[in-house]
Amino acid sequence: MNPDVRVRFAPSPTGYLHVGGARTALFNWLYARHCGGSFVLRIEDTDKARNTQEAVQVILDGLRWLGLDWDEGPEKDGGHGPYFQSQREEIYERYFQHLHAGGHLYQDNGAWRFRSPREIVTVEDLICGRIDFDLTNPGTHPDMTIRRPDGSWIFHFVNVVDDIEMKISHVIRGEDHLSNTPKHLELFKALGKTPPRYAHIPLILNKDGSKMSKRDAGASITSYIDGGYVPEAVRNYLCMLGWSPKDNREKLEISETISLFDLEKVNRRNAHFDLDKCFWLNGQYLAQMSLDRFRELCVPVLNKAGVPFESEASLQPVLSIIKEKIKNLTEVPLWVASFFTDHYEYDSEAVQKTLRQPKSGERLLALASEFESLHAWTLPEIEAALKKTASVLGFKTGDLVHPTRVAVSGRSVGPSLYHMLEVLGQKKTVTRMRRTTELFSL
RNA sequence: GACCCUAUCGUCCAGUGGCCUAGGACACUCCCCUUUCACGGGAGUAACACGGGUUCGAAUCCCGUUAGGGUCGCCA
């Protein structure tokens with residue numbers, strides 16, 4: 001445990017949370033939690049042109065959805081704020097004057113540039129190792145601009161100032177910043193401050209190795225939120241992109257990931273994103289989570305879809321028989337609806353395949369009568385009645401099972417039939433079976 | 001173009017000089033289980049980029065080539 005460990009996630013509000021950014025946030029968060037340190041969220045909104053409240057909200061929502069709570073940041077003051085760069089003007093001005101007084105700055109066409117000391121700068125990276133950058137040639141490494149003619153600030157400068165002011169101990173960020181690091185080190189030196197430790201994590205690319213852009217499947221965290229994914233599953237998948245517990249396990253409780261996580265064990269090669277595997281893990285989480293958690297996730301989805309369930313309690317038995325069968329929350333309304341409404345749709349293909357068959361009406365009516373006569377509506381009773389009817393009529397079990405399923409739910413896929421009927425109830429089952437034969441004139 | 005990072009099955013992750021005729025997972029194919037769809041169980045296809053070294057011995061260390069990615073902004 002080391003409370004002096006302070007890390008930060010510093011996104012700029014571009015209007016969406018990229019999956020790579022989310023993983024950067026995740027690794028920062030994991031490291032902070034592992035060390036017992038602090039996770040700071042800082043919004044880098046120096047580019048006034050494209051800053052909106054909504055764009056910030058998308059980031060906050062995404063992080064919260066993934067369960068990445070910050071100790072300091074927007075809506076959570078921790079004594080190092082404000083946490084929006086747009087509100088830190090005086091701080092930057094102060095540091096600017098300091099650099100200016102030290103003779104490190106000069107003006108060029110109205111913009112302010114930092115005069116590089118022209119040295120070989122060594123980066124000691126926790127993941128990439130020791131790297132020497134030769135900055136002695138102005139031709140290949142021009143002096144960086146830190147302030148525009150209109151007085152606004154450039155990324156490199158404010159990023160460094162904030163890391164100093166916020167007492168950041170470890171900078172964990174994407175590898176796209178590795179080549180920027182020597183510049184930042186020059187700034188720390190000129191300001192007379194000790195730089196933080198650096199850890200550059202590899203990038204996430206598309207499965208084919210191309211750069212992942214906003215439009216690509218799985219690129220935006222919003223697409224998981226809206227796409228029926230379970231947050232803990234997505235978080236787990238992201239943990240395994242560039243890191244692993246080294247023992248071939250892939251589904252890991254977050255608490256265990258926290259205790260095992262370490263920067264030294266992070267991979268050095270770029271990861272190619274595989275949505276199929278994320279989807280598989282989502283199904284694993286769904287199947288194995290508690291019924292209460294499942295209900296918690298299903299309720300908003302059902303409400304949004306307008307499925308008229310009576311109460312959360314009435315949902316429980318229904319959800320318990322579908323939980324292990326679905327792989328994505330978006331499937332839930334379709335699997336649940338027919339339990340709560342008589343106006344379910346009949347899938348035309350299913351009707352054609354199982355109802356529009358010789359003697360299907362006879363079978364359904366016979367079974368409905370048998371069901372009606374049952375005194376106890378339990379799993380074994382239902383199963384026995386169906387098998388008995390099948391044998392009396394001279395049909396195979398499946399010849400009764402399939403039409404019955406379509407009759408009471410409108411679909412050819414669903415939970416185990418006996419469980420489904422038990423939950424539906426005796427009366428509804430019988431009514432629906434008879435109604436179906438009339439509806440299709442069987 | 002210059003500089004930097006990387007290089008094991010299609011993909012993710014193991015492997016840090018001998019235990020590797022390279023292991024686990026996703027995807028794919030086949031089989032079993034089965035009232036549907038899934039789950040589960042079993043089997044299979046499939047990789048150390050290439051070339052030089054070092055060493056008794058290399059996926060593991062070194063060099064080069066090639067390939068991929070990144071940075072070189074008055075974007076962040």
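Residue numbering restarts at 1 for every chain, and letters A, B, ... go by the order of the sequence lines. No hydrogens, no waters, no symmetry mates; every other heavy atom, side chains included, goes into these values.
Distances from the side chain of A/Tyr418 to the nucleotides B/A38, B/A76, B/U35 place B/U35 closest. For A/His402, counting side-chain heavy atoms from C-beta on, the closest listed nucleotide (B/C72, B/U35, B/A2) is B/U35. Closest contact between the side chain of A/Val413 and the listed nucleotides B/G70, B/C74, B/U36 involves B/U36. With B/A76, B/G73, B/A27 as the candidates, the nucleotide lying closest to the side chain of A/Pro142 is B/G73. When distances run from any side-chain atom of A/Ser179 to the nucleotides B/U71, B/C37, B/C74, the shortest one goes to B/U71.
We find that CD of A/Glu349 is positioned 17 Å from P of B/U36, with the value rounded to whole Å. B/C75 atom P lies 15 Å from atom CG of A/Asp45, rounded to whole Å. Residue A/Trp280 contributes atom CH2, which lies 12 Å from atom C1' of B/C39 at whole-angstrom precision. One interatomic measurement links the two molecules: NZ of A/Lys211 to P of B/C5, which rounds to 20 Å at whole-angstrom precision. At whole-Å resolution of the value, CZ in A/Arg173 and P in B/U71 are 12 Å apart. The interatomic distance linking A/Glu264 (CD) with B/U16 (P) rounds to 18 Å, in whole Å.
The pairing partner recorded for B/A67 is B/U6, the criterion being a Watson-Crick or G-U wobble arrangement whose two distances lie under 3.5 angstrom. Across all strands shown, B/U21 has no partner, as no Watson-Crick or G-U wobble contact with both distances under 3.5 Å is found. In a base pair of the Watson-Crick type (N1 to N3 plus N6-O4 or O6-N4) or a G-U wobble (N1-O2 and O6-N3), with each distance short of 3.5 Å, B/C28 is matched with B/G44. Applying the Watson-Crick and G-U wobble criteria (two distances, each under 3.5 Å), B/U35 pairs with nothing in any strand. The partner of B/U16 is absent, by the rule that a Watson-Crick or G-U pair needs both atom distances under 3.5 Å. Within the shown strands, nothing qualifies as a pairing partner of B/A59 under the Watson-Crick or G-U definition with both distances less than 3.5 Å.
Taking every heavy atom of residues 355-373 of chain A and every atom of RNA chain B, no pair lies under 4.0 Å.
The residue among A/Phe133 and A/Ile154 whose nearest nucleotide of RNA chain B lies closer to the 5′ end is A/Phe133. Take the nearest nucleotide of RNA chain B for A/Ala111 and for A/Gly209: the residue whose nucleotide is more 5' is A/Gly209.
Rounded to the nearest Å, the gap between the C1' atom of B/C48 and that of B/U60 is 10 Å. Separation of the P atoms belonging to B/A46 and B/U66 is 31 Å when rounded to the nearest angstrom. Rounded to whole Å, the separation between the C1' atoms of B/G15 and B/C31 comes to 32 Å. For the P atoms, the distance linking B/G41 with B/C33 amounts to 16 Å, nearest Å.
With respect to the salt-bridge test (charged N to carboxylate O, under 4.0 angstrom), the residues A/Arg434 and A/Glu372 qualify. Salt-bridge annotation for A/Arg130 and A/Asp125: absent, with no side-chain N of the basic residue lying under 4.0 Å from a carboxylate O of the acidic one. A/Lys353 and A/Glu349 are not joined by a salt bridge, as no carboxylate oxygen comes within less than 4.0 angstrom of a charged side-chain nitrogen.
A/Trp243 is linked by a ring pair (Phe, Tyr, Trp, His ring centres under 6.0 Å) to A/Phe261, counting only residues two or more places apart in sequence or in another chain. Under the ring pair (Phe, Tyr, Trp, His ring centres under 6.0 Å) criterion, A/Tyr344 pairs with A/Tyr346, sequence neighbours left out. A/Glu186 pairs by the side chain to side chain donor-acceptor pair (under 3.5 Å) definition with A/Ser116, not counting sequence neighbours.
With A/His184 contributing its side chain and A/Val160 its backbone, the two residues share no donor-acceptor pair below 3.5 Å.
Evaluation of the ring-ring contact (aromatic ring centres under 6.0 Å, His included) test over residues 378-413 of chain A, restricted to residues two or more places apart or in two chains, returns none.
Contact of A/Ser416 with B/U35 (side chain to base): a donor-acceptor pair of N or O atoms is detected under 3.5 Å. Judged by distance alone, with hydrogens and angles left aside, A/Lys325 brings a side-chain donor or acceptor within reach of the base of B/U36, the pair sitting under 3.5 Å.
Cation-pi check for A/Lys277 over A/Tyr237 is not met; the charged atom does not lie both under 6.0 angstrom from the ring centroid and within 45 degrees of its normal. For the pair A/Arg42 and A/Phe84, the cation-pi criterion (under 6.0 Å, within 45° of the ring axis) is not fulfilled.
For B/C39, the base is syn relative to its sugar; the glycosidic angle is within 90° of 0.
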Exercise for the section: Using a 4.0 Å heavy-atom cut-off, write out nucleotides 10-15 of chain B from 5' to 3' as B (base contacted by protein), S (sugar-phosphate only) or - (no contact). Expected result: BBBSSS
